[in-house]
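Okay, structure first, notes after.
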Amino acid sequence: MTSWKLKAFAAAVIAVVGLLAVGRIAVYMVGKHEYKQPARAAAQAPDTTPREKGIADEHTAQENADKAKPYVEAEYRTFPVVGSRVAIWVVAQLHLLFAAFVLAVPIFALIIEFIGYKTGDKRYDHLAQEFTRLLSVSFSLTATFGAFLTFMLIALYPKFTNYLMSVFSPTFLPYVLLFFLEAGFLYTYYYGWGKFSPRIHLLLGLGLNVVGTCIMLIANAWLTFMTSPNGVSEKGALISTWDAVRNYTWMPINVHRFIANIAFGGSIAGAYAAFKYLSAKTDEERAHYDWMGYIGNFVAISGFLPLPFAGYWLAKEIYAYSQTLGLTMMGGAFSWLFIIQAVLIGNLFLGANYYLWLGMGRVEGVNPFQKYIKWLLLGVAACFMVWATPHSIIATVSEVRAMGGSTHPILTFLGVMSAKNTAVNILILTTYMSFLLYRRTGKVPTVSWARAGNTAQLSIFAAAAAFVIFLGVYGYFVEATVRIKLSVPQVSSVLFTMISVTIIDVFMYRKAQNTGVVHWGKIPVISQYVLIFIAVTFTWLMGLMGYVRSGLRQHWHVYGVMRDTSVDAFTPTLGFATKVVSVTVLIFFALIGFVFWLASLHDKRDWEAKGVSEGTVPLKTGTVPMGEEAKA
């Protein structure tokens, strides 16, 4: 052994011995010399002071009181920060907006698919499938907000919820079964595209729409019972569930909501098309989404034109049920909200007409109808101004003195219902004429009676407009009861005009000659922002009108039957209500934007790992050329 090895061995031995010695010393010091607490006698229970004894007695008494506490049903519970009413308000509105979308899209998707089936044009079939793609996520969000609303009602308004459950409990089981059936139809309709024969697939779509409408009818019964209760005694005891369902405002709400949902769904679908148009990379994509936006706007206008008539019917039924509710709605605290409504609806008409006028530019060649646009714009603007004029205005003392009273000497005549009914009916006729001119752009009728047909259409338009204006002026010279009834012939004449002119137009342009090619995708970009504007305005309008329908009850949960005794038993100010509705609309569009994004993932390429070149298939252990997978 060499000397350095001997030294290393000795050092290792010394190190081991040293460690053993240190360990032994440590054990010795801990075991023998560590400080230990001396043994003491067991501590005795300390003597309690009178104060400590008093606290212990109070604690025991509280425990006994808690054990003997009886169950008392809570009427209300609080929600942090925003309060119970606002929390329920926001969740209910989000649920209704998504429910309206889920109800509307299958309706016009089915119609578009049927057009594709009858014409053999596959574009319609693909378009209907693309619309349906928006449904799957929206349906989940609708169900989620519905469950959220139910839990919130049970938690925050337990007594009111129990009362509604006692009245409508027989409707709950059919509602749940229909909901499951709707889910089955929806997913079979969506995933079964191209898997069934066209007729079977159309029947699935029909089943989806029938079930969805039945669900809406049941939910509307719960809603309308709160405004116009029926089928219960004066003290609220249930007499007939069917009569409670078939209350005074149930059917008007069904019709109004069905039409409004179609218009709303069409506007949202149009906004989706605009979103895709603005992000399109190729002319082909822009052409497709321009066409899709046109279809969505067409559906929205088709639902929007008859919507005021359904609104009249609903208002009439509210008046018939309770004049107090009717006066509160039109002449009380909500009268100013109808000015906001007039402004929004006027903007909708302007936006819809503007989109149609821009759309005329898609057609190649000279457009002979564009010279009429300025006159149509003049008519729309004049009606808009009349409709948005209030009967009275908020004025200073000096302004009141200058006017000679609280109302303007001239403009006050435009603030009454005669002027407003006339304005909205002329507005509808003007918008319908814009649509008719757009439809005729680039076409020339070939039938021999074309001149007579045009003359007949113009005569019907002129007669209807003159009749509507005459009744509007005549309304100033009759009593209020007669004036209200004049709205019926006004509405009827406008409906007759739209139906009769459409029938003549369909037959007159059935084999029309095309004078120019329609260039889809060749439309100013601002038109897409108009589509988004229409969707936002529709949504905001629905939220505000929902506030009016609920606010009519004021301090009643169920009008005249169950009083609201909570701290929120008052009508919110218009400023507060518009803020709540606006925030809810923003939340809705954030969520619907998420739905659009999810739907757009369908068109994206599959994910590929970095470094994998085209023509290779990734494996866990590397890549191999295409065609060599079997060998690998």
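Hydrogens, waters and symmetry mates play no part in the numbers below; they use all other heavy atoms, side chains included. Fair warning: this is a prediction, and the values are worked out from it, not measured in the lab.
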**Flag, side chain of Asn261 to backbone of Arg257, donor-acceptor distance under 3.5 Å** = yes

**Asked** Quick one: are Ile55 and Arg51 in side-chain contact, heavy atoms under 4.5 Å?
**Response** yes

**Request:** Please round to the nearest 0.5 Å and tell me the distance separating atom CZ of Phe148 and atom CG of Leu153.
**Result:** 11.0 Å

**Phe131 side, atom CZ; Tyr272 side, atom OH - distance, nearest 0.5 Å** = 9.5 Å

**Prompt:** Closest heavy-atom contact between Glu182 and Phe139?
**Reply:** OE1-CE1, 3.4 Å

Check: residues 82-100 side-chain donor-acceptor pairs under 3.5 Å, at least two apart:
from	atom 1	to	atom 2	distance (Å)
Ser84	OG	Arg77	O	2.6
Ser84	OG	Phe79	N	3.4
Arg85	NH1	Asp568	O	2.6
Arg85	NH1	Phe570	O	2.7
His95	ND1	Thr142	O	3.1
His95	ND1	Gly146	N	3.3

**Request:** Kindly say whether Val580 contributes a backbone atom to a donor-acceptor pair with the side chain of Tyr547 at under 3.5 angstrom?
**Result:** no

**Prompt:** Where do Gly266 and Val299 come nearest, in terms of heavy atoms and distance?
**Reply:** CA-CG1, 4.0 Å

**Message:** With side chain to side chain donor-acceptor pair (under 3.5 Å) as the criterion, how do Thr227 and Thr249 come out once you've worked through the C-alpha distance, each side chain's angles and the decisive distance to 0.1 Å?
**Reply:** CA-CA 8 Å; Thr227 301; Thr249 56; 5.6 Å; no

**Under 3.5 Å: donor-acceptor pair, side chain of Thr539, backbone of Val585** = no

**Complete:** Taking every heavy atom of Val386 against every heavy atom of Lys420, the minimum-distance pair comes out as O-NZ, 3.4 Å

**Message:** For Asn247, run the side-chain hydrogen bond (donor to acceptor under 3.5 Å, both in side chains) check against Asn220, Thr224, Asn230 and tell me which one passes.
**Reply:** Thr224

**Prompt:** Rounded to the nearest 0.5 Å, what separation is found between the CH2 atom of Trp387 and the CD1 atom of Ile339?
**Reply:** 10.5 Å

**Request:** Could you tell me whether Phe349 and Phe304 have their ring centroids closer than 6.0 angstrom?
**Result:** yes

**Item:** Ring-ring centroid check Phe168 Phe225, cutoff 6.0 Å
**Value:** yes

**Asked** Are the side chain of Trp250 and the backbone of Leu217 linked by a donor-acceptor contact shorter than 3.5 Å?
**Response** yes

**Fill in**
What one should report as the nearest heavy-atom pair of Ser267 and Ala300 is N-CB, 3.7 Å

**Prompt:** Once the angle between the rings of Tyr187 and Tyr191 is folded into 0 to 90°, is it parallel (under 30°), tilted (30 to 60°) or perpendicular (over 60°)?
**Reply:** parallel

**Prompt:** Hey, what do you get for CH2 (Trp313) to NE2 (His256), rounding to the nearest 0.5 Å?
**Reply:** 11.5 Å

**Derivation and outcome, ring-ring contact (aromatic ring centres under 6.0 Å, His included), residues Phe588 and Trp540** = CA-CA 10 Å; Phe588 172 74; Trp540 207 34; over 10 Å; no

**Request:** Starting from the C-alpha separation in whole Å, work towards a yes-or-no answer on side chain to side chain contact (heavy atoms under 4.5 Å, CB included) for Met329 and Phe338.
**Result:** CA-CA 9 Å; Met329 177 176 62; Phe338 281 90; 3.7 Å; yes

**Prompt:** From Thr565 OG1 over to His555 NE2, what is the distance, rounded to the nearest 0.5 angstrom?
**Reply:** 11.5 Å

**Asked** Roughly how far, to the nearest 0.5 Å, is the CG atom of Asn64 from the NE2 atom of His59?
**Response** 10.0 Å

Cut-off 3.5 Å, no hydrogens considered: what does the side-chain donor-acceptor table look like for residues 203-215, sequence neighbours left out?
from	atom 1	to	atom 2	distance (Å)
Asn209	OD1	Ile107	N	3.0
Asn209	ND2	Pro106	O	3.2
Asn209	ND2	Gly205	O	2.9
Thr213	OG1	Asn209	O	2.8

**Request:** For side chain to side chain contact (heavy atoms under 4.5 Å, CB included), just list the numbers for Lys159 and Met562, CA-CA rounded to whole Å, side-chain angles, deciding distance to a tenth of an Å, and then say yes or no.
**Result:** CA-CA 10 Å; Lys159 188 175 181 179; Met562 188 175 190; 3.9 Å; yes

**Request:** Quick one: sort the Phe101 and Phe264 rings into parallel, tilted or perpendicular, breaks at 30° and 60°.
**Result:** perpendicular

**Item:** Closest heavy-atom pair and its distance - Met226, His557
**Value:** CB-O, 3.6 Å

**side-chain hydrogen bond (donor to acceptor under 3.5 Å, both in side chains) against Ser398, all qualifying residues, sequence neighbours excluded** = Thr396

**Prompt:** Taking the six-membered ring where the residue is Trp, are the ring centres of Tyr163 and Tyr157 under 6.0 Å apart?
**Reply:** no

**Request:** Identify the two heavy atoms, one from Val561 and one from Gly236, that lie closest to each other, and give their separation to 0.1 Å.
**Result:** CG1-CA, 3.5 Å

**Message:** Are Phe275 and Trp597 an aromatic pair, judged by ring center distance below 6.0 Å?
**Reply:** no

